[in-house]
Amino acid sequence: MTTLVVDAANVVGSRPDGWWKDRAGAARRLHEGLLVADTPYDVIVLVLEGAAKGGVKAGRDGHVRVVHAQGSGDETIVAETRAAAERGDRVTVVTADRFLRARCEGVGAMALSPSWLLDQLG
């Protein structure tokens with residue numbers, strides 16, 4: 001299995017398109033893009049935090065699973081990454097946060113930038 005863990009706040013925040021005015025709407029648009037994106041991943045885990053959680057309910061929708069962070073999105077991203085790696089999945093994390101990238105690489109993941117993902121979404 002291949003798993004892509006997406007730091008939604010970091011991906012959405014990488015484009016100055018007014019996302020800060022409607023965090024829930026930005027999360028919904030990212031989720032919709034992931035549902036139809038042609039990526040090489042079996043499962044995509046979209047981690048939402050704060051006001052963005054209002055845009056998409058937690059749970060599975062096709063190959064995309066939405067997780068609402070209880071506190072820090074970073075902690076949830078690391079936990080999801082670790083769980084997938086422990087299952088034996090090949091895990092990739094999308095974030096530009098260097099500290100988070102290092103933490104996820106430390107549990108066996110590869111990291112890609114938000115621009116890579118946004119290119120996949122068209």
Side-chain angles (χ1 to χ4, degrees):
M1 291 284 284
T2 56
T3 299
L4 183 69
V5 180
V6 179
D7 179 353
N10 198 264
V11 171
V12 168
S14 70
R15 286 191 298 202
D17 62 0
W19 60 266
W20 52 89
K21 297 175 191 170
D22 181 11
R23 293 172 194 259
R28 186 175 49 258
R29 288 187 297 278
L30 177 57
H31 178 256
E32 290 167 355
L34 292 170
L35 287 173
V36 298
D38 185 20
T39 70
Y41 294 91
D42 299 312
V43 175
I44 298 174
V45 179
L46 179 63
V47 178
L48 301 177
E49 61 185 59
K53 295 189 287 189
V56 187
K57 64 183 171 98
R60 188 174 207 100
D61 191 358
H63 66 293
V64 177
R65 185 167 55 89
V66 175
V67 176
H68 287 179
Q70 294 301 312
S72 164
D74 289 4
E75 296 307 316
T76 303
I77 291 163
V78 172
E80 290 291 329
T81 300
R82 179 179 290 115
E86 288 175 354
R87 283 192 307 272
D89 292 4
R90 286 186 329 197
V91 187
T92 303
V93 175
V94 176
T95 187
D97 180 319
R98 290 181 185 168
F99 184 64
L100 180 58
R101 288 175 76 117
R103 290 179 66 196
C104 291
E105 288 169 345
V107 297
M110 184 177 100
L112 293 171
S113 70
S115 62
W116 172 85
L117 181 59
L118 293 170
D119 287 347
Q120 304 302 305
L121 301 179

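This one's a predicted model, so the numbers in the text were calculated from it and none came from an experiment.
By the 4.5 Å heavy-atom criterion applied to side chains, R103 and D74 are counted as neighbours. No side-chain heavy atom of V93 sits less than 4.5 Å from a side-chain heavy atom of D7. The closest side-chain heavy-atom distance from V56 to L30 is not below 4.5 Å.
In the hydrophobic cluster analysis, where Ile, Leu, Val, Met, Phe, Trp and Tyr join through side-chain heavy atoms closer than 4.5 angstrom, V67 is grouped apart from I44. No continuous path of hydrophobic side-chain contacts links V45 to V66 [ILVMFWY only; heavy atoms under 4.5 Å]. Under the 4.5 Å side-chain contact rule for hydrophobic residues, V11 and M110 share a cluster. When hydrophobic clusters are built by joining Ile, Leu, Val, Met, Phe, Trp and Tyr residues whose side-chain heavy atoms come closer than 4.5 Å, directly or via intermediates, V12 is grouped together with L46. Under the 4.5 Å side-chain heavy-atom criterion for Ile, Leu, Val, Met, Phe, Trp and Tyr, L35 and V5 are members of distinct hydrophobic clusters.
When the shell of 6.0 Å around CZ of R28 is examined, it contains more than 12 heavy atoms from other residues, nucleotides or ligands. Residue-environment remark: CZ (R98) stays at or below the threshold of 12 foreign heavy atoms within 6.0 Å.
Of all non-hydrogen atoms in Y41 and T2, the two that sit nearest each other are CA-OG1, 3.2 Å. Counting all heavy atoms, side chain and backbone alike, A27 lies closest to A52 at CB-O, 3.5 Å. The two residues T95 and P114 come nearest to each other via the heavy atoms C-CD, 3.7 Å. Smallest separation of non-hydrogen atoms from C104 and I77: SG-CG2, 3.9 Å. Heavy atoms only, all atoms of each residue included: H63 and L34 are closest at NE2-O, 3.4 Å. Closest of all the heavy-atom pairs between G73 and V47 is O-CG1, 4.0 Å.
For D17, the side-chain contact (heavy atoms from CB on, under 4.5 Å) partners are R15, W19, not counting sequence neighbours.
Listed by first and then second residue, the salt bridge (Lys or Arg N to Asp or Glu O under 4.0 Å) pairs involving residues 45-67 are R65-E80 (not counting sequence neighbours).
Counting only distance, with no hydrogens or angles, the side chain of T92 and the backbone of L4 share no donor-acceptor pair below 3.5 Å. A donor-acceptor pair under 3.5 Å is absent between the side-chain atoms of H68 and the main chain of G59, judged by distance alone.
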Does the side-chain contact (heavy atoms from CB on, under 4.5 Å) test come out yes or no for V78 and L100, once each step is laid out? CA-CA 8 Å; V78 172; L100 180 58; 3.7 Å; yes

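As a member of the Ile/Leu/Val/Met/Phe/Trp/Tyr network built from side-chain separations under 4.5 Å, V107 groups with nothing else and remains a singleton.
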